[in-house]
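Reviewing the structure listed below.
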Protein chains: 2
Amino acid sequence: MSSTENVKRPVGINDVAARAGVSPGTVSNVLNRPERVAEATRLRVEKAIRELDYVRNSSGRNLRSGRSDSVGLLVLDVTNPFFTMVAQGVEDEAAEAGRTVMLLNSAEDLARQRRSLRLLAEQRVAGAVVMPVDNDVTDLMWLRDRGIPWVLLDRGDVGADLGSSVCVDNHAGGVAAGRHLINLGHERVTFLSGPLGLEQCRTRLAGLRSALAESGIDAEDSVRVIETGSLTAASGEKGVEEVLAGGPRRRPQAVFCANDQLALGLLKGLGERGLSAPHDISVVGYDDIDVAALVHPGLTTVAQPKYEIGRAAMRLLSAELDGPRHGYERMLFAPELVVRGSTAAYRD
Amino acid sequence: MSSTENVKRPVGINDVAARAGVSPGTVSNVLNRPERVAEATRLRVEKAIRELDYVRNSSGRNLRSGRSDSVGLLVLDVTNPFFTMVAQGVEDEAAEAGRTVMLLNSAEDLARQRRSLRLLAEQRVAGAVVMPVDNDVTDLMWLRDRGIPWVLLDRGDVGADLGSSVCVDNHAGGVAAGRHLINLGHERVTFLSGPLGLEQCRTRLAGLRSALAESGIDAEDSVRVIETGSLTAASGEKGVEEVLAGGPRRRPQAVFCANDQLALGLLKGLGERGLSAPHDISVVGYDDIDVAALVHPGLTTVAQPKYEIGRAAMRLLSAELDGPRHGYERMLFAPELVVRGSTAAYRD
DNA sequence: TACTGCTATTGACACGTTTCAATTGAGCTG
DNA sequence: CAGCTCAATTGAAACGTGTCAATAGCAGTA
């Protein structure tokens with residue numbers, strides 16, 4: 001109503017060609033292989049492009065070439081700071097390679113993941129970086145059959161013969177956390193886990209047990225496992241009841257959480273019951289999200305190179321898209337323990 | 001190498017038509033206006049689609065129809081929890097309307113914003129939800145001239161005659177924070193701001209001043225403003241020096257932060273200097289991101305209906321895309337003060 | 001039977017680009 | 001000047017879909 005209603009009639013490569021006095025093919029060459037066209041005509045075409053304010057139509061482009069220049073990124077939860085950092089890395093690396101990222105969110109839901117993969121197929125994206133909900137790769141193989149390659153993120157247990165992957169050594173992370181707690185004199189440790197269906201949770205727990213075992217502590221006896229429904233602060237806060245169940249005598253000396261969000265929720269729950277870390281219980285998290293350094297006391301946690309993981313995944317994908325592949329690659333990053341205030345030596 | 005190399009040859013609408021013994025046009029109708037085709041043939045076509053595992057090619061589709069069914073979402077910072085919540089809302093609403101969202105990140109950088117808008121134009125997206133870096137709408141008008149409408153998010157100061165917008169009443173939020181502090185007996189208040197170029201910061205400050213003024217306090221005298229470079233925890237932590245500058249006598253009784261992240265950083269900085277909220281200084285944040293409830297003490301903050309804002313913006317955009325528009329709409333949400341532990345009455 | 005009014009289906013064209021074989025033209029050689 | 005080479009440019013044919021005027025089929029009516 002208010003603004004002028006004159007929507008410019010769309011200007012295409014042909015209009016540019018007409019204006020510059022060349023054929024459409026030449027304009028296309030200026031756009032895609034400038035070295036093939038003589039300087040004089042190139043300048044003329046570029047001038048026409050500017051004057052007409054031409055912007056190219058990627059639909060036509062993709063249709064003809066059969067392939068888009070954008071890639072998909074499918075994450076488990078856009079609101080989780082861990083994933084957003086990864087996304088940042090993927091995006092930066094993609095931008096440098098001249099690709100655009102289409103971010104999709106499965107919200108840990110298998111049906112949504114399926115819909116998202118289908119969407120990527122419809123768009124004929126060049127490739128995808130995927131953090132799958134579970135270990136079932138049939139949908140992913142379906143995608144590959146359509147000529148769309150992918151790189152797996154944080155799913156170390158999927159066979160390396162199926163595709164490239166980037167992950168962090170969850171076992172080593174669990175070991176690092178375990179050793180730290182042992183050095184502080186803790187023996188009765190609780191593992192506050194997310195869904196044990198997630199490989200990350202299982203492997204971190206296994207690492208913790210290894211660390212205890214190597215110190216001659218019977219892991220079966222001294223590690224209690226509490227499974228929660230999701231890797232969220234809400235779950236952590238609810239989990240506190242079970243952590244404290246059994247009364248003060250059976251109270252764990254330390255809690256290792258599968259995730260920083262669980263740990264933050266747990267810390268809050270403890271606070272509400274008049275307990276605090278590290279005074280009453282030592283608490284260790286996993287991921288090292290930004291807020292881990294902001295809470296008081298600071299959260300001791302196993303840091304993952306989130307941004308770098310994202311970059312690496314996108315780099316792997318780019319390599320597979322550019323060159324012919326020499327088999328699949330698998331990258332394994334090492335986590336690093338960051339000691340802050342939420343852990344302390346055990347007081348007899 | 002390892003997996004079978006047989007990438008299926010692409011199957012199109014024509015293959016489906018051949019298999020079902022109908023014309024391509026009919027297949028297209030089954031896909032887009034099923035009601036126009038007889039039940040028997042529809043079933044036959046659907047069977048062929050299933051058997052051939054046909055998935056449609058959105059490039060061809062968009063090229064022909066001149067418009068894509070996906071919309072763009074341009075945010076200031078993907079790693080900011082406030083924006084990710086908004087994104088969630090946009091995405092959910094879009095999914096219900098059968099649209100897909102392309103998430104782009106300007107990282108508060110004007111050049112990146114420009115590149116992103118251009119990208120959306122190249123993709124011929126149907127529309128966009130945008131949180132612009134600054135008040136300059138020329139790039140946005142450029143987009144609209146190309147026939148791509150948009151809805152503004154959290155930019156209340158851009159004229160309502162230019163486009164639809166969704167925002168939260170920042171002035172009211174500032175007033176709410178101010179009144180709360182006054183009721184607690186605070187008079188010497190510092191406003192820890194992000195870049196004052198951001199309208200959000202300026203208006204929240206104005207609200208704070210109004211609240212003081214209505215209690216007969218001279219806002220010019222009693223409000224000190226500290227401008228930081230960004231709305232991040234790092235900035236907040238650095239800002240603590242300036243907050244405390246002037247020694248204990250001039251120390252503010254309370255600090256109102258433009259953002260929860262600034263507030264969290266500030267709280268950390270205070271802790272490192274042996275001070276704490278609310279004992280030494282009351283602290284109020286803005287946004288009510290998830291962690292605000294998790295830190296100890298809990299952060300008193302002005303809550304925004306983040307998810308709802310996102311949904312509303314997408315709903316507005318959908319309306320503009322579906323029906324012919326009856327002028328632009330402007331939605332204003334009311335913020336709500338959430339009192340937690342970081343504020344307390346002033347001790348003489 | 002001839003005609004009308006439907007609905008269901010068809011077939012050809014257009015969308016904007018890339019690609020590639022074919023053409024032009026200029027410069028060089030003998 | 002004929003013959004050749006090589007770079008620059010052209011023109012037309014796709015790519016996979018949606019659209020729409022045209023057609024076929026069929027039942028009902030006069």
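Keep in mind that what you see is a predicted model, and the values were worked out from it rather than measured. A note on names: the letters A, B, ... follow the listed sequences, proteins ahead of strands, and every chain is numbered from 1.
- Atom-to-atom, CD of A/Glu39 to P of D/dA7 comes out at 17 Å; the value is rounded to the nearest Å.
- The distance from atom CG of B/Asp15 to atom C1' of D/dC15 is 13 Å, rounded to the nearest whole Å.
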Practice item. Go along nucleotides 22-28 of chain D 5' to 3' and tag each nucleotide: B for a protein heavy atom under 4.0 Å from its base, S when only backbone or sugar atoms are that close, - otherwise. Key: -------
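- In this structure the side chain of A/Arg124 never reaches within 4.5 angstrom of the side chain of A/Ile148, judged on heavy atoms.
- The residue B/Gly12 sits close only to the backbone: its heavy atoms come under 4.0 Å of sugar-phosphate atoms, none of a base.
- Mapped onto DNA chain D by nearest heavy atom, B/Arg36 and B/Ser59 fall at different nucleotides, with B/Ser59 at the one closer to the 5' end.
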Practice item. Show your working on side-chain contact (heavy atoms from CB on, under 4.5 Å) between A/Arg118 and A/Trp142 and close with a plain yes or no. Key: CA-CA 10 Å; A/Arg118 185 170 187 85; A/Trp142 174 83; 4.0 Å; yes
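- Note: CD1 (B/Ile13) to C1' (D/dG16) measures 8 Å, nearest angstrom.
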Review point. For A/Glu51 and A/Arg19, what are the C-alpha separation, side-chain angles and deciding distance, and is it a salt bridge (Lys or Arg N to Asp or Glu O under 4.0 Å)?
Key: CA-CA 9 Å; A/Glu51 289 171 348; A/Arg19 172 143 196 150; 2.8 Å; yes
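- Distance, A/Arg64 CZ to D/dC15 C1': 6 Å, rounded to whole Å.
- The separation between A/Asn62 atom CG and D/dT17 atom C1' is 14 Å, rounded to whole Å.
- Protein chain A contacts DNA chain C from C/dG16 to C/dT19, reading 5' to 3' and using non-hydrogen atoms of the protein with a distance under 4.0 Å.
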Point to revise | Chi angles and distances behind the salt bridge (Lys or Arg N to Asp or Glu O under 4.0 Å) call for A/Glu96, A/Arg311 | key: CA-CA 10 Å; A/Glu96 286 173 21; A/Arg311 276 196 97 97; 2.7 Å; yes
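- Between B/Val22 and A/Ser28, the residue anchored closer to the 5' end of DNA chain C is B/Val22, taking for each the nucleotide with the nearest heavy atom.
- Distance, B/Leu63 CG to D/dC15 C1': 9 Å, rounded to whole Å.
- Closest approach of B/Leu117 to B/Leu74, counting heavy atoms only: CD2-CD2, 3.9 Å.
- The shortest distance between the side-chain N/O atoms of B/Arg33 and the OP1/OP2 oxygens of D/dT19 is below 4.0 Å.
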Practice item. Tell me, with the steps shown, if A/Glu91 and B/Arg112 meet salt bridge (Lys or Arg N to Asp or Glu O under 4.0 Å). Key: CA-CA 12 Å; A/Glu91 197 175 53; B/Arg112 275 184 80 158; 3.5 Å; yes
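- A pairwise comparison of heavy atoms in A/Glu122 and B/Ser58 identifies O-OG, 2.8 Å as the closest pair.
- Residues B/Leu143 and B/Trp150 come closest through the heavy atom pair CD2-CD1, 4.1 Å.
- Checked against D/dG18, D/dG11, D/dA13, the side chain of A/Ser23 finds its nearest nucleotide in D/dG11.
- Across all strands, A/Thr41 comes closer than 4.0 Å only to sugar-phosphate atoms, never to a base (heavy-atom distances).
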Review point. For B/Ile49 and B/Leu31, what are the C-alpha separation, side-chain angles and deciding distance, and is it a side-chain contact (heavy atoms from CB on, under 4.5 Å)?
Key: CA-CA 10 Å; B/Ile49 288 179; B/Leu31 257 33; 3.6 Å; yes
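- The distance between atom CG of B/Asn57 and atom C1' of D/dA14, rounded to the nearest whole Å, is 14 Å.
- Here D/dT19 presents its P atom at 9 Å from CG of B/Asn29, a figure rounded to the nearest Å.
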